[in-house]
Amino acid sequence: MLSRTGPELMPRYTPSRIEPKWQTWWETNHTFASPRLPGERKRYILDMFPYPSGDGLHVGHPEGYTATDIVSRFERMRGTSVMHPMGFDAFGLPAEEHAIRTGTPPAESTRRNIDTFRRQLKMLGFSYDWSREIATTDPGYVRWTQWIFLVLFDTWFDATENRGRPIAELPIPEDVQTAGSQAVARYRDDHRLAYQSEAPVNWCPALGTVLANEEVVGGVSERGGHPVVRLPLRQWMLRITAYADRLDRELDGLAWPESIKKLQRDWIGRSTGAEVDFFIGESSGSEPDEAGFNAWKQGRASADFPGKPGADVLRVYTTRPDTLYGVTAMVIAPEHPAVAKLTTPAARPAVEAYCEAAARKSDLDRTDLAREKSGVFTGSYCRHPLDGRLVPIWVADYVLASYGTGAIMSVPAHDTRDHEFAVAFGLEIVRVIESSDGGESELPFTDHGRAVNSASYDGLATADFISRVAADLESAGLGRAAVNYKLRDWLFSRQRFWGEPFPILHELDAEGNETGLVRGVPESELPVPLPVLADFKPGNTPDPPLSRADADWLFVEIDGVRYRRETNTMPQWAGSCWYELRFLDPHNSERFIDPEVERAWMPVDLYVGGAEHAVLHLLYARFWHKVLHDRGHVSWPEPFGRLVNQGMILGEMEFTGYRHPQGGWLSAEQTRAHPTQPGVTIDRESGDEAAPARVPAEQVEKQGEHFVLRDAPTIRVDSRAYKMSKSRGNVVNPDQIVQEFGADSLRLYEMFMGPLEATKPWSTAGVGGVRTFLERCWRLVVDERAEEPVLSASVCDDPADEPQLQELHRMLDKVTADIESLSFNTAIARMMEFVNFCTPLTKRPRALLEPFVKALSPFAPHLAEELWQVLGQPAPVSLAAWPEVEQRYLHDATVEIPVQIMGKLRGRVTVDAAADADTMIAAATADPRIAELLEGKTIVKTIAVPGRMVNFVIR
RNA sequence: GCCGGAGUGGCGGAAUGGCAGACGCGACGGAUUCAAAAUCCGUUGCCCGCAAGGGCGUGUGGGUUCAAGUCCCACCUCCGGCACCA
């Protein structure tokens, strides 16, 4: 019996023998080493490096990696200098959780996981320059991550120049200057891009850490789905909001998918509108009197709009200043600083109770569950800046303290949320916009339209109103145009062990208490290593594990001053914010990168990875890069020139039937999803839970639009592919696929499945299909009956004939163009056609096979090297010159064109490829069948596109 | 709710406004074989027809055009993301 993989049968295509052989050869010969500096044409082709999880590689990884590998190999063969490195994003929570469970230090399990990943990546034959491998956990890498943090710490953002500058250049106001050096230090600290803040944070008791806003989804942690509560804590923040404008605008020049750019823009959330001050008076009274208001207004008219709101006003931000006359209430966030002042004695108990409840509420309670608007009246009023009427001030948690000014003007007629709030509390609703067509539109009406009930502005279109009123407010000193961003500053510290320590020291006084002054660790003492700990467990309090380190780690003395180290660690994102730079100069111990190398290789020309990083990683990395750029450390403002997102690979297609609780089948259309429990299906009528059951494909057939059970055609079954997951048991293991089919087959299959960017279901039968193709390639060249791989007798030195050369060059033309456009699936299809063409040939000229093997080599590199060797060519084909496409073989002398009558295909005629319209029409009418159909009809119009088609319009 | 993306044979998918379904999987038939596997050759959108041929077909309904999977309008379904940002 013959087996596919039996080593005794070498003449058959045996990946398990040739793949390790060539992997060793490439490694020994440093085939894919990149030069320090590129030649004339360079390509920096980068994968998003993986987090080395304990599960090893899954089949999603090789998809993007194969795509970039094909492009890298192709570019090398064309003589381009290629940078194609790989490394590991090795800090992160899972290693630490594993450590807590098993007692294994994270460094150890991380090293093991990296070893597994590296083995698996090498097994797939990727042409990485492994001498450039980095892990974010390497001390030599951490050193420079910490160094970049110190750059952030040393930078302030100059808003007038719109760029980051050294903190030493920060202008110090005179009053601060006179207040002494401590005041100056604090002033500087308040302006650094890396700063400490005491703001409420998302504390996750289950994970024992605080999380970034981005890591909290719907009130629970993104990782693990644990509840998150809000807690005030001292934290390190990065002032990414300073760069919001540039992060938004500078997306324009990038060759990124528009959808990703849009996601980033939406996340940054730039909005334009106006800030407006509402008079509340100096004293904490409930109704500011009219005289005071008039005096205030007069004062404002002769002065500039204050940069910061005084205690006598409530400042709001609105994108719709045109609705100013529709204001019927002011609403401030429970955390707004003026809450206490505005609360009247009578209202105090209710307001305090409300604010306390809001503070305790997690984001989950505030959003998902509490859709009903809640709020409480403060008892106070403010004065409307334009018409002077009294407007009640409410507190409600639908207003966020962290956005805009933390206070809004409520316009129930023209804002959905304000409308809900007004309805819930019986507030007045005043229409100030009608639709442009004059129709009585329903409220709330949030579209643009025409102003009504707005004094002298009546009749103005919304856009005109906005610009007019903004100018009027500005000149009256009552408001000004303003820009706001949804983006918040980046909460950058974590109370975990397995992350980069901050290179920061807190000054201690004689009693050992922190003075509040901080300094960076001297550059010469980087990296700050992680301390040796016996126990990695996070505590019940937000005290970081590092605070339990030995005193000789924890305390430092410099120039006679004692310091305590910062004991927070950086989040996992830190390492991936600049790895694209370090790959270019991974062993440099003098600088984080040699500027000459940086200038020569950056930016990344092709960056491929999953769309799940569309916002966070890519935004953070762009931010760091811009800071480094502003400080003169890198030459380009953006790190990634072209970005492509590979699609997700789903599990195999599944048919699912539903079992009725009383037994028997339930047709799929009689079921629906459980209203609250995700993943649970119930009987539409009875509400009973329906048990899903996987149905084998052979028991199913298609009937009209749906799939039904073959034995019970009234029972519909669902058919779809699901995300791979351990719980569903549909995870495909790359090791197993390589063992069964070979790495080349896995690579080729993943590229053949469909477009790179599409989501597509896995099919192991499909891997078998491309394996068959590779076997056909093998038999084209190799004698199957010999003991050792030798050339097939049908391979000859005869020149290739014209039709063969045409086939060859058309294939090469298509494959070349398709690699350039990352359309690997169609490139492979074209090579399959070429092999189908060659298979029946009893004499197969080398002139045909050798260029084909070259074209195949980026896709199936091991097989290509082996075939190249069998053909007697010197290795490696991986660096052979990409075959030239000869244009003269691309075009036929004659073409067959369709002939249509009234747009319907009625025949075909063969004409000279260069035939003009008249010649084509003549040929078409000369065709007996066409002539017959045209007989007795009047030709109204004739369309002839040279080389394409002819169409007769008849009557 | 809002924002993306996608709906084409039994399945994955191809198609600069110009011959819909390339290529692959699956299925069916043939050659080879004692037999099977493997291999090679062929057929394979649906309907009518012995055939020649004809009709219908790219989620639904309309439109533009000599010609629409492709462009425009309205809608349906699925997938992904965001979700009180004033």
Side-chain angles (χ1 to χ4, degrees), chain A residues 1-4 12 217-218 257-260 262-263 266-267 269 271 273 316-320 323 331 366-368 370-371 373 396-400 402-411 415-418 420-421 484-488 611-612 614-615 647-648 650 652-653 697 700-702 705 707 719-721 723 749 752-755 757-770 772-773 775-776 779 784 823 825-833 836 839-840 896-908 940-943 945 947-954:
Chain A
M1 184 162 141
L2 302 184
S3 96
R4 251 191 172 165
R12 295 201 70 158
V217 179
E258 281 306 317
S259 59
I260 299 292
K262 193 169 180 326
L263 278 175
D266 289 352
W267 190 266
S271 81
V316 300
Y317 171 71
T318 177
T319 55
R320 293 293 299 274
T323 61
V331 186
R366 272 197 180 191
T367 57
D368 275 11
R371 293 238 64 130
K373 290 280 180 290
D397 67 3
Y398 81 93
V399 174
L400 306 176
S402 51
Y403 182 78
T405 60
I408 61 153
M409 56 181 221
S410 178
V411 186
D415 181 278
T416 317
R417 299 151 300 185
D418 295 344
E420 281 172 20
F421 187 68
N484 259 297
Y485 300 92
K486 282 201 235 179
L487 187 71
R488 307 291 150 82
E612 66 273 19
V615 177
M648 207 192 327
L650 304 174
E652 294 248 7
M653 160 100 138
V700 165
E701 65 186 1
K702 187 143 192 184
E705 295 281 276
F707 284 91
S719 86
R720 60 170 283 206
K723 221 166 158 166
Y749 172 67
F752 187 59
M753 291 171 88
E757 300 185 64
T759 302
K760 31 202 185 271
W762 179 265
S763 158
T764 300
V767 188
V770 295
T772 304
F773 163 67
E775 285 171 349
R776 286 159 67 86
R779 283 194 295 271
E784 280 218 274
S823 306
N825 54 331
T826 48
I828 294 164
R830 193 62 190 84
M831 289 192 284
M832 287 174 167
E833 288 183 79
N836 291 343
T839 296
E896 192 186 58
I897 57 157
V899 181
Q900 299 175 351
I901 295 175
M902 302 297 285
K904 284 191 189 298
L905 178 70
R906 292 300 179 205
R908 289 172 228 274
V940 182
K941 191 174 179 183
T942 306
I943 299 97
V945 182
R948 288 311 232 159
M949 43 72 68
V950 176
N951 186 15
F952 296 103
V953 184
I954 59 172

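Each chain gets a letter, A, B and so on, in the order the sequences are listed, and its residues count up from 1.
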Contact class for A:E896 vs. all strands (heavy atom < 4.0 Å): base, sugar-phosphate, or nothing? base
For nucleotides B:A68 and B:C56, find the distance between their P atoms and express it as a whole number of Å. 13 Å
Closer than 3.5 angstrom, by distance alone: can the side chain of A:Q900 be matched with the main-chain N or O of A:M949 as a donor-acceptor pair? no
Selection from B:C23, B:A86, B:G18 that lies nearest to any side-chain heavy atom of A:S271: B:A86
Euclidean distance, A:S763 OG relative to A:M653 CE, rounded to 0.5 Å: 10.5 Å
So, is A:Y398 close to the B:A86 phosphate, meaning a side-chain N or O under 4.0 Å from OP1 or OP2? no
Compare the minimum distances between each of B:G81, B:G54, B:C23 and the side chain of A:M832, then state the nucleotide with the smallest one. B:C23
Of the options B:U39, B:A86, B:C84, whose atoms approach the side-chain atoms of A:Y317 most closely? B:A86
Looking at B:G18, B:G12, B:C56, which one has an atom nearest to any side-chain atom of A:F752? B:G12
Within the pair A:K760 and B:G12, is there a side-chain N or O less than 4.0 Å away from OP1 or OP2? no
Does B:G9 fall in syn (glycosidic angle within 90° of 0) or anti? syn
Base B:U16 paired with A:R948 side chain (donor-acceptor, <3.5 Å): yes
Judged by nearest nucleotide, the residue sitting upstream toward the 5' end of RNA chain B, A:T319 or A:G903, is A:G903
Taking OP1 and OP2 of B:A22, is either one under 4.0 Å from a side-chain nitrogen or oxygen of A:N825? no
Side chain of A:R779 - closest among B:A14, B:U39, B:G12: B:U39
Need one value for A:S763: base, sugar-phosphate or nothing, where a base atom within 4.0 Å counts as base even if backbone is also close, heavy atoms only. nothing
Heavy-atom nearest nucleotide on RNA chain B for A:N951 versus A:R320: which residue maps closer to 5'? A:N951
side-chain N/O A:K941 vs B:U65 OP1/OP2, d < 4.0 Å: no
Rounded to whole Å, how long is the line connecting atom CZ of A:R776 with atom P of B:G24? 7 Å
Minimum-distance nucleotide (side-chain atoms of A:V953 versus B:G18, B:G10, B:C66): B:C66
Proximal nucleotide (of B:G54, B:C41, B:A38) relative to the A:R12 side chain: B:A38
Span that lies between the C1' atom of B:G26 and that of B:C75, in whole angstrom: 35 Å
Starting the side chain at C-beta, find the nucleotide from B:A86, B:C3, B:G12 nearest to A:K262. B:C3
